[in-house]
Amino acid sequence: MTTLVRLNLASNSFSGSVPARFGNLTQLRTLFLENNRFTGSLPGLEELNELAQFNVSYNMLNGSVPKKLQAFGEDSFLGNALCGKPLGICPWDDGGGENGANGTSNPSGVGGNVIDGERKKKGKLSGGAIAGIVVGSVVVLLLVVFALILLCRSGNKTRIAAAAVSGGGGGGGDKKLVFFGNSVKVFDLEDLLRASAEVLGKGTFGTTYKAVLEDGPVVAVKRLKDVTVSEKEFKEKIDVVGVMDHENLVPLRAYYYSREEKLLVHDYLPMGSLSAILHGNKGAGRIPLNWEMRSGIALGAARGIEYLHSQGPSVSHGNIKSSNILLTKSYDARVSDFGLAHLVGPSSTPNRVAGYRAPEVTDPRRVSQKADVYSFGVLLLELLTGKAPTHALLNEEGVDLPRWVQSVVREEWSSEVFDIELLRYHNSEEEMVQLLQLAVDCAVPYPDNRPSMSQVRQRIEELRGSSGMKEDAQDQIQQLDSINDIYHASSR
Ligand SMILES: Nc1ncnc2c1ncn2[C@@H]1O[C@H](COP(=O)(O)OP(=O)(O)OP(=O)(O)O)[C@@H](O)[C@H]1O
């Protein structure tokens with residue numbers, strides 16, 4: 001039978017699948033199977049190299065035309081559910097029946113067993129498809145590597161520009177940066193939005209960026225979130241902030257207000273915040289803050305807050321904490337973020353903010369001057385102990401500083417209170433104890449028992465002025481005792 005050259009079974013009622021054994025008829029030149037009821041897919045017939053005439057039209061075949069048979073015309077396959085060259089493209093293929101390359105086809109046919117079709121698609125990819133996938137994968141990989149290199153080089157560089165501000169975003173296009181007082185207008189909104197920016201951190205009121213303007217200054221830009229007040233009220237309140245002018249405040253240079261976006265532009269202080277310096281880098285290369293620096297920072301911050309309070313009895317900072325005490329290169333303190341607590345809605349209070357909050361404060365938008373004094377007292381405790389304050393109930397790391405100091409002082413472990421980095425300054429122990437007492441005075445639970453910021457500033461000036469006076473250990477113990485007494489009195 002292998003020498004058979006012509007097989008014509010056309011126009012019978014043959015059914016079942018086309019026998020794969022036809023593939024053994026290697027001398028076959030003619031194979032006519034049309035007008036039968038053959039079902040299933042066509043076998044590959046790989047060995048039929050001599051085949052010149054072929055017809056399977058008007059059967060019930062399905063699947064793709066094997067590659068070996070694709071040279072025959074359309075007429076050879078009509079009246080079936082076959083696909084691929086020379087018929088239409090198979091739905092599971094994009095290359096004209098390439099599935100049949102190895103003599104296989106979809107056995108279940110078009111619209112038949114989809115899972116099987118999928119299996120074949122996955123298992124029998126053409127050379128072109130494989131090459132495409134390889135090239136595509138390499139290109140994607142290169143792009144990812146390139147993007148990673150760019151990311152590493154630029155740190156967390158970004159742009160402040162939001163669609164809303166850049167013009168088309170509905171109502172922002174005609175708005176401008178509003179500058180305060182003597183601030184030189186060396187840049188405009190476009191410059192600001194074009195500037196390369198770096199996220200400094202996310203706070204209670206929004207995200208703060210460091211923006212480096214082309215041929216201009218470096219500024220800190222805060223994108224406010226949850227601003228609840230109207231534009232009129234915002235302008236009134238921010239105007240009050242804008243006119244504040246003191247060497248211990250971070251000046252507000254400009255603001256931008258649109259429906260979608262509210263930006264505040266401050267001077268950028270490269271040394272960062274007291275919080276970062278106290279609690280940030282604990283490893284090698286860390287510059288420890290000595291006593292002189294710490295008491296100087298306490299004094300600078302106290303002067304800044306005293307100035308704010310001097311603007312009127314209802315003027316308070318509202319958010320005193322160590323990340324809002326920024327430092328110059330000579331470690332002078334600059335108080336930032338004043339007046340913002342009155343602009344934004346009562347959002348969830350982060351743990352680190354709650355640790356500074358006076359017990360009587362229920363609405364973070366209404367913080368009295370005495371509540372500022374409480375927060376400043378916690379800040380002093382932070383400076384002295386080196387510990388980050390958090391609220392006792394929310395405590396994850398850090399401590400409820402007033403309570404902790406109270407418990408330590410009660411046990412009379414005086415030196416335990418102070419930051420280990422301060423313990424080497426033996427000559428300043430008395431000043432440290434005095435500052436500790438002041439901190440405790442500020443953080444008493446009853447607002448009326450707290451000193452004013454003027455008194456606080458004065459006491460810091462005095463204790464710094466008394467440097468190197470007496471070193472009487474007995475005195476220090478007495479002072480610790482008096483702190484103890486204050487706590488006992490305040491908790492009664
Ligand atoms: N003008 C500035 N110069 C340098 N660093 C700044 C400046 N303003 C803010 N930062 C730093 O950017 C970070 C984010 O500040 P941001 O004020 O947004 O949040 P926060 O101080 O942590 O919290 P909050 O919003 O409650 O004040 C902080 O580490 C802060 O010290």
Side-chain angles (χ1 to χ4, degrees), residues 155-158 160 180 183 192 195 197-213 216-228 238 241-242 244 246-255 261-281 289 297 300-301 304-305 308 316-357 361 364-365 367 371-372 375-376 378-379 382 388-391 394 398:
N156 50 355
K157 289 262 159 51
T158 179
I160 301 163
F180 287 109
S183 301
L192 195 62
E198 186 184 319
V199 176
L200 289 172
K202 285 185 189 206
T204 325
F205 308 121
T207 304
T208 301
Y209 301 81
K210 171 189 175 185
V212 183
L213 290 133
V218 181
V219 292
V221 181
K222 183 172 281 223
R223 281 180 82 177
L224 293 176
K225 63 173 185 188
D226 302 333
V227 172
T228 48
I238 213 72
V241 174
M244 303 281 186
H246 189 272
E247 61 175 343
N248 293 112
L249 296 182
V250 180
L252 176 63
R253 295 296 178 199
Y255 76 88
E261 202 73 67
K262 287 97 191 155
L263 305 176
L264 300 180
V265 184
H266 290 96
D267 285 355
Y268 172 72
L269 276 89
M271 291 292 287
S273 72
L274 173 63
S275 172
I277 289 183
L278 272 182
H279 315 298
N281 174 18
L289 287 178
I297 290 167
I305 301 165
L308 290 175
S316 65
H317 183 289
N319 192 22
I320 291 167
K321 56 181 182 169
S322 58
S323 70
N324 283 337
I325 307 297
L326 305 180
L327 301 175
T328 65
K329 282 184 180 148
S330 49
Y331 291 91
D332 290 327
R334 300 266 189 280
V335 180
S336 76
D337 264 9
F338 40 95
L340 302 190
H342 314 285
L343 292 172
V344 296
S347 54
S348 61
T349 306
N351 199 0
R352 61 185 191 280
V353 178
Y356 296 89
R357 182 161 296 160
V361 175
R365 286 169 301 178
V367 176
D372 272 355
S375 305
F376 186 75
V378 178
L379 182 90
E382 189 177 358
T390 49
H391 194 276
L394 305 167

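Read the numbers this way: they start at 1 and go in the same order the structure lists the ligands and their atoms. Keep in mind it's a predicted model, so treat the numbers as computed, not measured. As a basis for the values below, the full set of heavy atoms in this structure was taken, side chains included, without hydrogen atoms, waters or symmetry mates.
Taking 4.0 Å as the cut-off, Lys210 does not count as a neighbour of ligand 1 on heavy-atom distance. At least one heavy atom of Gly206 sits less than 4.0 Å from an atom of ligand 1.
Under the side chain to side chain donor-acceptor pair (under 3.5 Å) criterion, Asp332 pairs with Ser330, sequence neighbours left out.
Of the candidates Leu326, Ile320, Ile325, the one placing a heavy atom closest to atom 2 (C) of ligand 1 is Leu326. Scanning Gly272, Gly201, Gly203 for the heavy atom closest to atom 19 (O) of ligand 1 points to Gly203. Of the candidates Asp267, Leu269, Leu252, Asp267 brings a heavy atom nearest to atom 1 (N) of ligand 1.
Counting the atoms of ligand 1 from 1 in the order shown, those under 4.0 Å from a heavy atom of Phe205 are 25 (O). Atom numbering of ligand 1 starts at 1 in the shown order; those under 4.0 Å from a heavy atom of Ser273 are 31 (O). Heavy-atom contacts of Lys321 reach the following atoms of ligand 1: 20 (P), 23 (O), 24 (P), 26 (O), 27 (O) (cutoff under 4.0 Å).
Listed here is the closest heavy atom pair of Asn248 and Ala333: ND2-O, 2.9 Å. What you find for Gly304 and Leu249 is that their closest heavy atoms are O-CD2, 3.7 Å. Here the closest heavy-atom approach between residue Tyr268 and residue Ala220 is recorded as CB-N, 3.9 Å. Taking both residues in full, the closest heavy atoms of Met271 and Thr328 are given as CG-O, 3.3 Å, listed atom of the first, atom of the second, then distance. Nearest approach of Leu269 to Leu327, heavy atoms of both residues: CD2-O, 3.6 Å.
At a heavy-atom cutoff of 4.0 Å, ligand 1 is contacted by the side chain of Ala220 but not by its backbone.
Ion pairing between a basic and an acidic side chain is recognised when a charged N comes within 4.0 Å of a carboxylate O; Lys222 and Asp337 show such pairing.
The distance criterion of under 3.5 Å between nitrogen or oxygen atoms is met by Asn324 with respect to ligand 1. Between Thr208 and ligand 1, a contact under 3.5 Å exists for at least one N or O pair. The distance criterion of under 3.5 Å between nitrogen or oxygen atoms is met by Asp337 with respect to ligand 1. At least one N or O atom of Asn319 sits closer than 3.5 Å to an N or O atom of ligand 1.
Proximity of the aromatic rings of Phe180 and Tyr255 is defined here by a centroid distance below 6.0 angstrom, and this criterion is met.
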Exercise for the section: Using the side-chain contact (heavy atoms from CB on, under 4.5 Å) rule, take Met244 and Leu252 through it: C-alpha gap first, then chi angles, then the decisive distance, then the call. Expected result: CA-CA 8 Å; Met244 303 281 186; Leu252 176 63; over 6 Å; no
